Each structure stands twice: as structure tokens, then as C-alpha cells.
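A short worksheet on the structure shown next.
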Amino acid sequence: MLEILYQDDALIAVNKPAGLAVHRSKMVGNAETFLIDVLREQVGGTVYLAHRLDRATSGVLLIARSSEVAAAFGEQFMGRDVHKQYLAVVRGWPEPIEGVVDYALPGARETGPRRDARTDYRRLAIVEVPIALGRYPQQRYALVLAEPETGRFRQIRKHMAHLHHPVIGDCQHGRSDHNRLYKQYFSCHRMLLHAWRLRFRHPVDGRPMALEAPLDDAFDGLLERFGWSLPSDEISIPTG
């Protein structure tokens, strides 16, 4: 059963689990289970994806109950009227503490044309763990809040890797040695990227909506182990 964060006659918001493919596509390879099918069986009736998350990413995912609502959501996303906040655990301590990554990215095909892409980030917490890896006796990690202004393919993952602070557990753009460290020492086998908060206008009556997806046990357990806590109030990142 999927965790439903909000539901009415027009839309459904679910907390997508990490590792569950959203729908069939060439990008997900040999997946046998898809969120859209699970949700259709769970709630009954027709459902339409309003946006997408990578298979390895968890968090808030919007589903429309009609093609008209899906189109209305599409206009909001295209107009950049949807405000998204992600949580990520990354290698190293990003400096400065707040910043903007303004780095053009290609689409799903790396050889395709690059388009403008901007991500605001803020470092929320840091830790240094006494585990030797390579030439360093201790390893540094940080909890980062990321706000993508644009919606390019794997944008946050690619932008953090561009800063040399890749997301832990990212097999495509991350560091395999640090990914193995998290599996071995912390029993963490997921990518640590979570679509945490989403703000938008209701596609039917226009009222402001604010949704938040709780972390799963693996992600939440790491925060507890590192002594990190999440801000309870709404936070924003000043854009540069």
C-alpha cells in the first residue's frame, strides 16, 4: 500500500518509496512493479502522472484524477509555479553554506542539447565520521536542502556531482566507494535524495497547497545516527 499524503476528487499526493519505478519506460530497465499501477489498484479509477521522480528518489509525487487536471498541473510546472524542496545527504561539506548552481544540463541523452538549469541549495547539517577511506582517516558528509528552479533530468543529482559533492547512493553520478561505505557501515542501501516539500495551487479552485512527505526508516535512521534534525518551520533559500 502506498502512503497517501492528500486525496480529493481532483488529485492524489503519495509518498513515493525509494526504488519504486513510477511508470514503464526505457530508463527503468527490468522493473516489474510500477507506482502508477499500484495506485490505480489501490484507489480505483483512472490516474494520470502530474510529474515524475527518479526510481531511486523518494518523496511527494502528484497524481491527477483526470487529463484536464494533469494539463493544469503541467501549466504550473512549465510556468515554474511549483515550489519544490528536496533533502539530500552528500559527500563533503559544500561551501559556501548557501549557493546557486547555475549549470546547463542535457536531457535523458547526454549527447543532447544543454538547457539552462538552476538549483539553490543550503547546507543544513554536517558530520565527520571516523571511518578510513582512501587517503582520509575520516569522512565528511552533509545534509543539504535543494530547491530546483528548473526541472531538468536528474538535475539535483547532476548539480551536486558538478559541485564535487555527489548524493550518497547515486550509482550514476556519485562515488561508488562512499556508496559502499554507507551499505557496509550504516546498512543504507538507498539513494539519499527525498522530495520533501511541495507547494502549488490546487488545479481546480486555486487555493494554495503545501505538502510534506515523511522520511523512510533508512533515511530517518541516518539523521538520528548523525544527530541531525530537520527544521520544523518553512525555510527558503535566498536566490543569488
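The structure displayed is predicted, hence computed values, not measured ones.
- Atom-to-atom distance recorded for Thr150:OG1 and Lys84:NZ is 7.5 Å, nearest 0.5 angstrom.
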| task | Apply salt bridge (Lys or Arg N to Asp or Glu O under 4.0 Å) to the pair Asp54 and Lys158, showing each step before the final yes or no. | result | CA-CA 13 Å; Asp54 293 343; Lys158 291 180 177 181; over 6 Å; no
| task | Could you go through the side chain to side chain contact (heavy atoms under 4.5 Å, CB included) check for Met191 and Thr57 one step at a time? | result | CA-CA 7 Å; Met191 184 175 70; Thr57 304; 3.3 Å; yes
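- When every heavy atom of Gln155 is checked against every heavy atom of Glu149, the shortest pair comes out as NE2-N, 4.1 Å.
- With respect to Arg190 and Asp220, no salt bridge is recorded, no charged nitrogen being found less than 4.0 Å from a carboxylate O.
- The pair Arg122-Glu147 does not meet the salt-bridge criterion, since no charged nitrogen lies less than 4.0 angstrom from a carboxylate oxygen.
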| message | I'd like to know whether Asp81 forms a side-chain hydrogen bond (donor to acceptor under 3.5 Å, both in side chains) with Gln76, so could you lay out the CA-CA distance, the side-chain angles of the two residues, the decisive distance to 0.1 Å, and finally the verdict. | response | CA-CA 5 Å; Asp81 296 325; Gln76 286 194 54; over 6 Å; no
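- Between Arg118 and His159, the closest heavy-atom pair is N-CE1, 3.9 Å.
- Cluster annotation: Phe226 and Ile97 are assigned to distinct hydrophobic clusters (Ile/Leu/Val/Met/Phe/Trp/Tyr, side-chain heavy-atom contacts under 4.5 Å, transitive).
- The number of heavy atoms from other shown groups lying within 6.0 Å of CZ (Arg114) is above 12.
- Using a 4.5 Å heavy-atom threshold, the side chains of Thr119 and Val100 count as separate.
- Between Gly169 and Asn179 the shortest heavy-atom distance is N-OD1, 2.7 Å.
- Of the inter-residue distances, the one linking Tyr182 atom OH with Ile168 atom CD1 reads 5.0 Å to the nearest 0.5 angstrom.
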| request: Go through the steps for Val14 and Glu3 under the test side chain to side chain contact (heavy atoms under 4.5 Å, CB included), then give the verdict. | output: CA-CA 6 Å; Val14 301; Glu3 179 186 4; over 6 Å; no
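- The shortest distance between side-chain heavy atoms of His83 and Arg197 does not fall below 4.5 Å.
- Remark: Leu181 CG to Ile131 CD1 distance equals 4.5 Å, nearest 0.5 Å.
- Within the 4.5 Å cutoff, side-chain heavy atoms of Phe200 are placed close to those of Leu62.
- The 12-atom threshold is exceeded at NE2 of His189, counting heavy atoms of other residues, nucleotides or ligands nearer than 6.0 Å.
- A salt bridge links Arg40 and Asp37; the closest N-O separation between the charged side-chain nitrogens and carboxylate oxygens is under 4.0 Å.
- Between Val90 and Pro166 the shortest side-chain heavy-atom distance does not fall below 4.5 Å.
- Side-chain contact between Val22 and Lys16: present, with at least one pair of heavy atoms (C-beta onward) separated by less than 4.5 Å.
- Within the structure, the salt bridge (Lys or Arg N to Asp or Glu O under 4.0 Å) test picks out no pair touching residues 44-53 (sequence neighbours left out).
- Linking Ile, Leu, Val, Met, Phe, Trp and Tyr whenever their side-chain heavy atoms come within less than 4.5 Å leaves Leu192 and Ile126 in two separate clusters.
- The 12-atom threshold is not exceeded at CG of Asp217, counting heavy atoms of other residues, nucleotides or ligands nearer than 6.0 Å.
- Residues Ala70 and Ala64 approach most closely at N-CB, 3.4 Å, considering heavy atoms.
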| field | Worked check of side chain to side chain contact (heavy atoms under 4.5 Å, CB included) between Asp177 and Leu133 | value | CA-CA 8 Å; Asp177 50 351; Leu133 185 64; 4.0 Å; yes
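- Rounding to the nearest 0.5 angstrom, the gap separating the OH atom in Tyr48 from the CD1 atom in Ile63 is 12.5 Å.
- Ion pairing between a basic and an acidic side chain is recognised when a charged N comes within 4.0 Å of a carboxylate O; Arg154 and Asp170 show no such pairing.
- The hydrophobic clustering, which links ILVMFWY residues whose side-chain heavy atoms are closer than 4.5 Å, places Trp93 and Tyr121 apart.
- With Arg152 contributing its side chain and Asp116 its backbone, the two residues share a donor-acceptor pair below 3.5 Å.
- Residues His194 and Leu215 are in side-chain contact: their nearest non-hydrogen atoms beyond the backbone lie under 4.5 Å apart.
- To the nearest 0.5 Å, the span separating CG on Asn15 from CG on Leu211 amounts to 10.5 Å.
- No salt bridge links Asp9 with Arg65; every basic N to acidic carboxylate O contact stays at or beyond 4.0 Å.
- Note: the hydrophobic cluster containing Val82 also contains Val204 (ILVMFWY, side chain heavy atoms under 4.5 Å, direct or indirect links).
- Hydrophobic clustering, with ILVMFWY side chains joined whenever heavy atoms are under 4.5 angstrom apart, keeps Leu198 apart from Phe219.
- Under the side-chain hydrogen bond (donor to acceptor under 3.5 Å, both in side chains) test applied with Tyr141, the options His165, Arg91, Glu128, His178 reduce to a single match, His178.
- Aromatic ring orientation, Phe73 versus Phe77: tilted (interplanar angle from 30° to 60°).
- Distance CD/Gln85 to CG/Leu145: 4.5 Å, rounded to 0.5 Å.
- Residues Trp196 and Val60 are not in side-chain contact: their nearest non-hydrogen atoms beyond the backbone lie 4.5 Å or more apart.
- Using the six-membered ring where Trp is involved, Tyr103 and His162 have ring planes that are parallel, under 30° apart on the 30 and 60° scheme.
- At a threshold of 4.5 Å between non-hydrogen side-chain atoms, the residues Phe186 and Leu222 count as touching.
- Between Leu53 and Gly59, the shortest heavy-atom distance links the atoms CD1-O, 3.8 Å.
- Nearest heavy atoms, Val43 versus Ile4: CG1-CD1, 4.0 Å.
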| request: List the steps, then state whether side chain to side chain contact (heavy atoms under 4.5 Å, CB included) holds for Val144 with Leu87. | output: CA-CA 6 Å; Val144 168; Leu87 295 169; over 6 Å; no
